[in-house]
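Just so it is clear, the values below take in all heavy atoms, side chains as well, and ignore hydrogens, waters and symmetry mates.
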Amino acid sequence: MDFFQSQQNAKRNTSRLVSLFSLAVLSLIIMTNILVMVLFGYANLEQNELLSVEDVLAQFDWGTFFLIGAVVTGVVLLGSFYKTLQLGHGGKAIAEGLGGRLVSRSTRDEKERVLLNVVDEMAIASGCPVPCVYIMDHEIGINAFAAGYKHSDAVIGVTRGCIETLSRDELQGVIAHEFSHILNGDMRLNMRLIGILHGIMVMGYIGYYLLRTGGASRKNGGALIGLGLGLIVIGFGGAFFGNWIKATVSRQREYLADASAVQFTRAKDGIAGALYKISKGSSHLDSATAPQMSHAFFSEGVSSFAGGMFATHPPLNDRIKRISPYFITEQKVKKQQKKRDQATQMPEQGHKQTIAKATIASTLIGSIGNISDKQIHHAQTLLASIPRGIEQARYHVGSAKAVIYAFVLDEDEQVQTRQLKYLESKFEDVDAVANFAKELKTIPIEYRLAVIDMIIPTLKEMSLDAYQLFKQHFNFLIHADHKISNFEWVLQQILLKHLKAQYSTRNNKLDLSVSIDQRGHHLNVLFSMLVRYQTNDEQQQQHFLTEAQKVLGSGALTLLSEKAIEDAKSSQLLLALEDLSLEDKPKLLNACLLILASDDVIDIKDIEFLRGLSDLLDCPMPPHK
């Protein structure tokens, strides 16, 4: 799977969605005009006269047509805008609207721990931040979804039936399917679709309101009832177009997500088994808000309008056959055989400290958005290798904060003493911080980002006041030595990005991209830092900037002073780069890689810096093995 091509495909689907939306609105305008013509024709009838087609056509007027068209368009757009505002907090709003409960990292429920572990594995393997996980406790059907505008506000939701019924391999197949939607850009498309469909169907909601109002009103009650009934009919038309749009946009994406899940896990039987169990059971949800999310579920979550014609998902048997043609036959045979559990073997993964320049482009940039079975095994090995203290820390907010503080404790004893005294004065657990700092020294560098990604969901459980204090303490720690290392800078930006999605009131729905030339200052800071890190030779530094400029296809890059770079590191500068256009993001990563690999080798610190930058760009790069 090519990550950037998949994103482009999702972008084209968005354009297609806009076209279908425009067609649906035009149809609603025509239907509303016909309704108004019928009502006016009926009002102008003489007593005992029957309404004819000529009477209706006589009411047509272009001025009225365009006026009604403007009103209908305005109502639909306002309905879409209102719904989009409701979803401004991203996946969290969807999960809670479906009755989901946030799964605490400290849960003792064995099945919930397995679910969290599977999500952690997939996130680490893909290079994504670990999403928050929600369970719909009252839903016994087997289903799941991914929701959010960006990786930083993404959530994974599963039904209670999903974790109670599926084996670990089957659950992994379902979660891999949902991660495919995250990586392919389908998740954001699904969020936009919810807002658009609400706008299309809002005419029906107005009709229902008028019907109730007319029934309670003595004056003009008949007119209101007639108008209400007409708008409800138009609302059925909106439902028709809404289901048509969902089916048109969603169905093929499910086949692609199934294929990606198999590619990620290299295990056909996992996702095929989950689909097979759904075919023998149910995937339906009882939530009143499930219909608006039906296109985003793992399997059909509600009964589809007009049967299979408007189904948002392909038939289950078709999906199973595409994944594993003989799976259903094999299941019938296995029923007659004794079932045996097969232990999963995880091969040890070696790690080279440098990579030849010739292989860098294909192994790093080419890995973005892709998950393989090797990376999943690597994630399993990583999870098993993390010291127990740090592993347990991700289940408690206080310990999670202490691990982040430990990451930025300075090597210099005087600076470290000043940092610990500050934390002690702020009533933080300095003993835990010091202990975690010792444990962090025992894990490889390439595990650092994975640990941070695992801890972020726990940090999101802080209250807003606690988050503000945490951010204040963290900023003091990284400035304690009056300079910010590259790792501290990237860590700061990652935390700001992913926690901002939880605590900021800013909506994440807008997709306003900028070009590379519009981020000139930000690029000057980033590339000046990289070239100064690589060499002290000013002529060589200028050469690197020129080469990077060619890759970027931008204006001239300016070499900034050390002081200018340090001053810029105190800002949220890197966060502005996440708004780069999809076409420019791979250019930026390739330009950075060009400089980092200028000496024909790239070490682990370079790779982790590049992975951190990819995370900030919403282009998750899996850990290198």
Side-chain angles (χ1 to χ4, degrees), residues 2-5 7 127 352-370 445-446 449 485-487 489-490 493-494 514-562 564-565 568-569 573-574 576-625:
D2 185 297
F3 173 79
F4 295 104
Q5 184 60 52
Q7 295 289 318
K352 296 182 179 179
Q353 292 300 307
T354 60
I355 310 170
K357 184 176 180 179
T359 65
I360 290 173
S362 60
T363 57
L364 294 179
I365 303 296
S367 70
I368 292 175
N370 284 301
I445 293 173
E446 64 270 21
L449 284 181
S485 70
N486 292 351
F487 172 74
W489 190 29
V490 172
Q493 304 293 304
I494 288 174
V514 298
S515 67
I516 278 182
D517 289 327
Q518 291 175 280
R519 290 288 184 260
H521 172 65
H522 306 77
L523 295 178
N524 285 334
V525 174
L526 175 61
F527 284 99
S528 294
M529 182 196 70
L530 288 176
V531 299
R532 289 188 179 279
Y533 173 73
Q534 285 297 103
T535 179
N536 294 321
D537 187 314
E538 188 168 336
Q539 185 175 358
Q540 196 73 353
Q541 291 170 349
Q542 291 292 350
H543 171 71
F544 288 156
L545 289 181
T546 302
E547 292 300 309
Q549 176 190 324
K550 292 177 183 177
V551 176
L552 292 170
S554 66
L557 294 173
T558 303
L559 182 63
L560 302 180
S561 66
E562 295 275 9
I565 295 172
K569 281 184 176 180
L573 180 138
L574 281 181
L577 296 178
E578 71 174 327
D579 294 327
L580 283 178
S581 67
L582 190 59
E583 296 81 4
D584 287 335
K585 288 180 179 180
K587 295 178 185 177
L588 175 61
L589 292 173
N590 276 300
C592 291
L593 189 54
L594 175 74
I595 294 173
L596 292 172
S598 58
D599 55 357
D600 290 329
V601 292
I602 181 168
D603 63 24
I604 299 307
K605 290 183 179 179
D606 294 335
I607 293 176
E608 293 310 289
F609 176 84
L610 197 65
R611 288 188 62 226
L613 181 60
S614 297
D615 186 358
L616 294 170
L617 294 176
D618 276 331
C619 303
M621 180 182 292
H624 178 76
K625 302 169 294 305

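Heavy-atom minimum distance, E578 versus D618: OE1-OD2, 4.1 Å.
For S554, the side-chain contact (heavy atoms from CB on, under 4.5 Å) criterion is met by I516, D517, Q549, L552, not counting sequence neighbours. In this structure, E562 has no side-chain hydrogen bond (donor to acceptor under 3.5 Å, both in side chains) partners at least two apart in sequence or on a different chain. When the side-chain contact (heavy atoms from CB on, under 4.5 Å) test is applied to H521, the partners found at least two apart in sequence or on another chain are V525, L573. Listed by chain and residue number, nothing satisfies the side-chain hydrogen bond (donor to acceptor under 3.5 Å, both in side chains) test with N524 (two or more places apart in sequence, or in another chain). Remark: S515 pairs with Q518 by the side-chain hydrogen bond (donor to acceptor under 3.5 Å, both in side chains) rule, at least two apart or across chains.
With rounding to the nearest 0.5 Å, the separation of CG in L588 from NE2 in H522 is 12.0 Å. Between C592 atom SG and L526 atom CG the span is 4.5 Å, to the nearest 0.5 Å. Remark: I494 CD1 to L613 CG distance equals 9.5 Å, nearest 0.5 Å. Taking NZ of K587 as the reference point, atom CG of L580 lies at 10.5 Å (rounded to 0.5 Å). Interatomic distance, CD1 of I445 versus CD1 of I607, reported as 10.5 Å (0.5 Å rounding).
Proximity of a side-chain donor or acceptor of K585 to a complementary backbone N or O of L617 within less than 3.5 Å is detected. When atom types are taken as modelled, the side chain of Q541 and the backbone of T535 share a donor-acceptor pair closer than 3.5 angstrom. Side-chain N or O atoms of R611 include none that pairs as donor or acceptor with a backbone N or O of G127 at under 3.5 Å. Panel note: side chain R532, backbone L560; a donor-acceptor pair is recorded below 3.5 Å.
Test L545, T558, L559 against F527 for side-chain contact (heavy atoms from CB on, under 4.5 Å) and you get one pass: L545.
Among pairs with a residue in residues 533-553, those fulfilling salt bridge (Lys or Arg N to Asp or Glu O under 4.0 Å) read E547-K550, at least two apart in sequence or across chains.
Around NZ of K605, the count of heavy atoms belonging to other residues, nucleotides or ligands within 6.0 Å does not exceed 12.
For the pair V490/D615, no side-chain contact is recorded, criterion being any heavy-atom separation below 4.5 Å from C-beta on. Between Y533 and M529 the shortest side-chain heavy-atom distance does not fall below 4.5 Å. Between L610 and L593 there is a side-chain heavy-atom pair separated by less than 4.5 Å.
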Between L523 and L577, does the side-chain contact (heavy atoms from CB on, under 4.5 Å) criterion hold? Intermediate values first, please. CA-CA 9 Å; L523 295 178; L577 296 178; 4.1 Å; yes

